[in-house]
Undergrad: 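Quick one: this structure, given as structure tokens, is what I'll be asking you about.
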Amino acid sequence: MQAETKTIGSRSLTPSTHWITVARPPGFRFEPGQHAMVKIATPSGADDRFLSIASAPSDDHLDFAVRLSDSDFKQAFSRLKPGDPVNLIGPAGRFQRDPNRPALLLSGGIGITPLRSMLRDAVHRSDLPLTALLYGNRSPDEIPFRSELDGLAETGRVQVVHTVDSADASWKGPVGHIDQGLLEQVLGGFPQPPKYYLCGPPGMVEAMSHLLTSLEIDNSDILHEPFNGY
Ligand SMILES: Cc1cc2nc3c(=O)[nH]c(=O)nc-3n(C[C@H](O)[C@H](O)[C@H](O)COP(=O)(O)OP(=O)(O)OC[C@H]3O[C@@H](n4cnc5c(N)ncnc54)[C@H](O)[C@@H]3O)c2cc1C
């Protein structure tokens, strides 16, 4: 569907990422993991990007979040304020959770957006098998939705493990990219083999695909959503 809606909230998530929430147009139904074409006004005219829907179907609003850049679109996105119009075309996409299998979500940076939707959905519903997130970021202050993700994990319905490229001594978690050791540690908690959902910049998604292939995970158990443009 195509729908005109309005910005309700807009703020920085981390120094390099920005979040907006918009009113959910009546009849806008989607599955966790899907995306929409988001069109906004910029100084050089209307412009659009594919953005994953970061909120869950049970939320009454739609969330979107981006990694900032110099592009006119991203600069205009970061300046959106309540009341500003946003045009949506969607939802679309086959990056969707299999409700009958446990899910291991592997994410890097702003690739969290469709996976946040899946995590919020898993906490909201009681009928989904185990859902775990293994999430890599540059540094602790660059983890989008960090406190919210940790709060979701505290419900006991989902698991969340962070790793960062670098951190000072106050960081108690793993340091470095997601690797075989970390993957196997998280996999140890699964009662049966999960399906894998990979989302992030193309380089990260490619590296995770290679890792899973080297562990002889069946291709049909791996879903990808590479964010082009990074
Ligand atoms: C299904 C899907 C879901 C997505 N979800 C999200 C999301 O939730 N959040 C998010 O942040 N992103 C998401 N993306 C990526 C998003 O659509 C943008 O591509 C990305 O954010 C980059 O946009 P930009 O405006 O910063 O850069 P762009 O202006 O689109 O540029 C992208 C890259 O191309 C280069 N480039 C641009 N123009 C040219 C040119 N003329 N010649 C050569 N190089 C050029 C730029 O230098 C830059 O490196 C998603 C993509 C897909 C396909």
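Whatever order the structure lists ligands and atoms in, that order sets their numbers, starting from 1. Everything numeric here is computed off the predicted structure, so don't read it as measured data.
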Undergrad: Between T14 (side chain only) and D141 (backbone N and O only), is there a donor and an acceptor less than 3.5 Å apart?
TA: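 Answer holds: no.
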Undergrad: Which residue and atom name correspond to the protein heavy atom nearest atom 1 (C) of ligand 1, and how close is it?
TA: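 Minimum-distance protein heavy atom for atom 1 (C) of ligand 1 reads H35 ND1, 3.4 Å.
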Undergrad: Distance only, no hydrogens: is a donor on one side chain within 3.5 Å (strictly under) of an acceptor on the other, for S16 and E142?
TA: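 Their side chains do contain a donor-acceptor pair, which is all the 3.5 Å distance test asks for.
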Undergrad: Can you see which heavy atom on Y230 is nearest to which on P201, and at what distance?
TA: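 Reported closest heavy-atom pair: CB-CB, 4.1 Å.
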Undergrad: With atoms numbered from 1 as shown, which atoms in ligand 1 lie under 4.0 angstrom from a non-hydrogen atom of R67?
TA: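 Counting atoms of ligand 1 from 1, those under 4.0 Å from R67 are 11 (O).
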Undergrad: Looking only at atom types and distance, does a side-chain atom of D179 sit under 3.5 Å from a main-chain N or O of L182, one as donor and one as acceptor?
TA: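 Pair found, side chain donor or acceptor close to backbone of L182.
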Undergrad: For T163 and H177, indicate whether the former's side chain and the latter's backbone hold a donor-acceptor pair under 3.5 Å.
TA: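 Looks like no, no N/O pair under 3.5 Å.
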Undergrad: Please step through side-chain hydrogen bond (donor to acceptor under 3.5 Å, both in side chains) for the pair D72 and S44, ending with a clear verdict.
TA: CA-CA 7 Å; D72 279 358; S44 50; 2.6 Å; yes
Undergrad: Counting only nitrogen or oxygen atoms and a 3.5 angstrom limit, does S52 reach ligand 1?
TA: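 Looking only at distances, the answer is yes, because the N/O contact criterion of under 3.5 Å is met.
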Undergrad: Around atom 31 (O) of ligand 1, find the nearest protein heavy atom and jot down its residue, atom name and distance.
TA: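 Protein heavy atom at minimum distance: G229 O, 4.5 Å.
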Undergrad: Identify the protein heavy atom lying closest to atom 26 (O) of ligand 1, giving its residue, its atom name and the separation to 0.1 Å.
TA: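 Looking only at protein heavy atoms, the one closest to atom 26 (O) of ligand 1 is S69 OG, 2.6 Å.
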Undergrad: Does S55 offer a backbone N or O that forms a donor-acceptor pair with the side chain of S117 under 3.5 Å?
TA: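 At least one qualifying donor-acceptor pair exists.
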Undergrad: Can you tell which of T17, I112, N228 gets a heavy atom nearest to atom 53 (C) of ligand 1?
TA: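 Among T17, I112, N228, the closest heavy atom to atom 53 (C) of ligand 1 belongs to N228.
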Undergrad: Heavy-atom contacts under 4.0 Å between A65 and ligand 1: side chain, backbone, both, or neither?
TA: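 Only the backbone of A65 comes within reach of ligand 1.
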Undergrad: So does A92 get a backbone contact from the side chain of H35, meaning a donor-acceptor N/O pair under 3.5 Å?
TA: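 A pair under 3.5 Å: yes.
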Undergrad: Do the side chain of S10 and the main chain of L80 share a donor and acceptor less than 3.5 angstrom apart?
TA: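 Yes, S10 side chain to L80 backbone: donor-acceptor pair under 3.5 Å.
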Undergrad: Test D150 against H162 for side-chain hydrogen bond (donor to acceptor under 3.5 Å, both in side chains), laying out the working first.
TA: CA-CA 9 Å; D150 293 342; H162 297 286; 2.9 Å; yes
Undergrad: Verify the contact flag for atom 41 (N) of ligand 1, where contact means a protein heavy atom under 4.0 Å away.
TA: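 It does not: no protein heavy atom is found less than 4.0 Å away from atom 41 (N) of ligand 1.
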Undergrad: Any protein heavy-atom neighbour for atom 35 (C) of ligand 1 (distance below 4.0 angstrom)?
TA: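 When distances to the protein are checked, atom 35 (C) of ligand 1 has no heavy atom within 4.0 Å.
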Undergrad: Is there a donor-acceptor pair under 3.5 Å between the side chain of R24 and the backbone N or O of P57?
TA: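 Pair found, side chain donor or acceptor close to backbone of P57.
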Undergrad: Protein heavy atoms: any of them under 4.0 Å from atom 9 (N) of ligand 1?
TA: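 Yes.
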Undergrad: Report yes or no: does G93 have a heavy atom closer than 4.0 Å to ligand 1?
TA: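 Contact absent.
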Undergrad: Near T113, which atoms of ligand 1 are under 4.0 Å from a heavy atom of that residue?
TA: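 Matching atoms, with element in brackets: 7 (C), 8 (O).
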Undergrad: Using a strict 4.0 Å cut-off to heavy atoms of R49, name the atoms of ligand 1 that fall inside it.
TA: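 Listed by number with element: 17 (O), 18 (C), 23 (O), 24 (P), 25 (O), 28 (P), 29 (O), 30 (O).
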Undergrad: Nearest protein heavy-atom contact for atom 25 (O) of ligand 1: which residue, which atom, what distance?
TA: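 Sorting protein heavy atoms by distance from atom 25 (O) of ligand 1 puts S71 OG, 2.5 Å first.
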Undergrad: Looking only at protein heavy atoms, which one is nearest to atom 17 (O) of ligand 1, and what is the separation?
TA: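 Among all protein heavy atoms, the one nearest atom 17 (O) of ligand 1 is F50 O, 2.8 Å.
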Undergrad: Closer than 3.5 angstrom, by distance alone: can the side chain of Q75 be matched with the main-chain N or O of S69 as a donor-acceptor pair?
TA: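 Yes, because the side chain of Q75 sits within donor-acceptor range (under 3.5 Å) of the backbone of S69.
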Undergrad: Using distance alone, decide if ligand 1 has a nitrogen or oxygen within less than 3.5 Å of any nitrogen or oxygen in E225.
TA: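 In fact, backbone or side chain, E225 has no N or O that close.
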Undergrad: Please indicate, with yes or no, if any protein heavy atom is found under 4.0 Å from atom 38 (N) of ligand 1?
TA: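 No, there is none.
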Undergrad: My understanding is that we take every heavy atom of each candidate and find the minimum distance to atom 11 (O) of ligand 1. Doing that for F73, F64, Y230, F227, which one comes out nearest?
TA: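 That would be Y230.
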Undergrad: Under 4.0 Å from atom 45 (C) of ligand 1, is there at least one protein heavy atom?
TA: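 So far as the 4.0 Å threshold goes, atom 45 (C) of ligand 1 is out of reach of every protein heavy atom.
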Undergrad: Flag atom 29 (O) of ligand 1 as yes if some protein heavy-atom distance to it falls below 4.0 Å, otherwise no.
TA: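 Given the 4.0 Å limit, the answer for atom 29 (O) of ligand 1 is yes, a protein heavy atom qualifies.
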